[in-house]
Novice: 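Dropping a structure here in structure tokens format, bear with me for questions.
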Amino acid sequence: MWHDDREGHDVVEGGTVELVRTLVTAAAGSYGANCALGTSAALGWVDTSSFRWVHHALYVSTSSLTAAAVVAGLWKGSTTALALVPTLVPLVLLQRHGARPLPRHTRDALAAAPCYAAGLALAWR
């Protein structure tokens with residue numbers, strides 16, 4: 001079972017849920033790195049034509065870490081990772097829609113931002 005300790009952290013059987021915090025932070029970091037790379041490429045600051053795979057690898061990393069954070073949150077009984085559940089929709093849309101047109105790709109990617117921010121806020125409260 002879980003409960004909040006006096007500082008408001010999720011606690012499972014007497015220990016703070018470090019696994020969930022770590023996974024949420026890693027998922028948000030991977031998402032942020034991918035957004036930074038995608039924005040840099042879209043603005044022409046970085047030419048990713050010879051290493052486009054990095055953007056795709058960051059997408060796989062973000063999706064995998066997000067799924068792991070949600071599963072760990074459910075397994076540990078933590079509500080923190082549940083903030084990431086809605087990100088699964090834009091992550092699926094990104095894969096289904098592809099990169100073109102760019103405005104739709106950008107909109108799909110940014111739809112996940114509030115959830116990652118909420119997940120970080122809850123993980124580090």
Novice: First locate atom CD of Glu18, then atom OG of Ser78, and finally report the distance between them rounded to the nearest 0.5 Å.
Specialist: 11.0 Å
Novice: Please say yes or no: joined through hydrophobic side-chain contacts below 4.5 Å, possibly via intermediate residues, are Val71 and Val24 part of one cluster?
Specialist: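 No.
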Novice: If you round to the nearest 0.5 Å, how far is CG of Leu82 from SG of Cys115?
Specialist: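 It comes to 11.5 Å.
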Novice: What distance do Trp124 atom CH2 and Thr80 atom OG1 have between them, rounded to the nearest 0.5 Å?
Specialist: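 Answer for the CH2-OG1 pair, Trp124 versus Thr80, is 11.5 Å.
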Novice: For the residue pair Ala69 and Leu84, what are the closest heavy atoms and their distance?
Specialist: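 For Ala69 versus Leu84, the nearest heavy atoms are CB-CD1, 3.8 Å.
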Novice: Taking only residues two or more places apart in sequence, or in another chain, which ones meet Ser49 in a side-chain contact (heavy atoms from CB on, under 4.5 Å)?
Specialist: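 Listed in chain order: Asp47, Arg52.
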Novice: For Thr87 and Tyr31, which I'm curious about, is there any donor-acceptor pair between the side chains at under 3.5 Å?
Specialist: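 No.
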Novice: Is the backbone of Val60 close enough, under 3.5 Å, to the side chain of Ser64 for a donor and an acceptor to pair up by distance?
Specialist: yes
Novice: Going from OH on Tyr116 to OG1 on Thr62, what distance comes out if it is rounded to the nearest 0.5 angstrom?
Specialist: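 Tyr116 OH to Thr62 OG1: 5.5 Å, rounded to 0.5 Å.
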Novice: Who passes side-chain contact (heavy atoms from CB on, under 4.5 Å) against Thr39, sequence neighbours left out?
Specialist: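 In terms of side-chain contact (heavy atoms from CB on, under 4.5 Å), with neighbours along the sequence ignored, Thr39 is linked to Leu43.
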Novice: Atom CG of Leu23 and atom CG of Leu19: how far apart are they, to the nearest 0.5 Å?
Specialist: 4.5 Å
Novice: Can you hop from Leu58 to Phe51 via hydrophobic side chains spaced under 4.5 Å?
Specialist: yes
Novice: Out of curiosity, Arg21 CZ to Leu120 CG, how far, rounded to the nearest 0.5 Å?
Specialist: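 These two atoms lie 10.5 Å from each other.
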